Every structure is written in structure tokens, then in C-alpha cells.
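These numbers come from a predicted model, not from an experiment.
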Amino acid sequence: AYDQLTNYGDSYDPDVHDPMVAQMAAEQFGISPTEAGNIYIEMEMQWTKMLVAAISIYITALSSER
């Protein structure tokens, strides 16, 4: 849905698209749009933590090769 609504992110506007996607997720999973938005935020935070950890490991590995 996100890709279709935003032309694969090219026309993404969080004020317009986030509520639309939250509503679509809410309908799909039988939850409220607020809950869908909260789940999205939590997943984004977890993804960011994992990405930062992976980058840190990569940089440490590169540094130890020198």
C-alpha cells in the first residue's frame, strides 16, 4: 500500500500518507489506526537499533583489520 500511495517513496508526505497507511493496516489487522501507528513506530525504533548495532560491528571489524 505504501509503495502505491507514495510512488515507491518518491512523493512521500508523512502528514498525508502515514494516517492513510495506518488506517489501511488497522482495517487489515482489526486494530485501531492509533495502535497500527504505534506498532509502526516501535518497529522502526527496533530496526534503527539493529542497523546502528550492525554498523558498529562493521566499523569495529574494519578497524581491527588495520
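Distance alone, capped at 3.5 Å, places no donor-acceptor pair between the T6 side chain and the S11 backbone.
For the pair I31 and A25, the tightest heavy-atom approach, listed with the atom from each and the gap, is CG1-O, 4.5 Å. Of all heavy-atom pairs spanning A26 and A36, the tightest one is N-CB, 4.1 Å.
When hydrophobic clusters are built by joining Ile, Leu, Val, Met, Phe, Trp and Tyr residues whose side-chain heavy atoms come closer than 4.5 Å, directly or via intermediates, V21 is not grouped with Y8.
Atom CG of D18 and atom CG of L5 lie 10.5 Å apart (nearest 0.5 Å). The OG atom of S32 lies 9.5 Å from the CD atom of Q23; values are rounded to the nearest 0.5 Å. Atom CD1 of residue I39 and atom OG1 of residue T34 lie 11.0 Å apart, to the nearest 0.5 angstrom.
In this structure, the ring-ring contact (aromatic ring centres under 6.0 Å, His included) partners of Y12, at least two apart in sequence or on a different chain, are Y2.
Within a 6.0 Å sphere centred on CE of M45, heavy atoms belonging to other residues, nucleotides or ligands number more than 12.
Residue pairs that meet the side-chain hydrogen bond (donor to acceptor under 3.5 Å, both in side chains) test with at least one member in residues 40-62, sequence neighbours left out, are E42-Q46.
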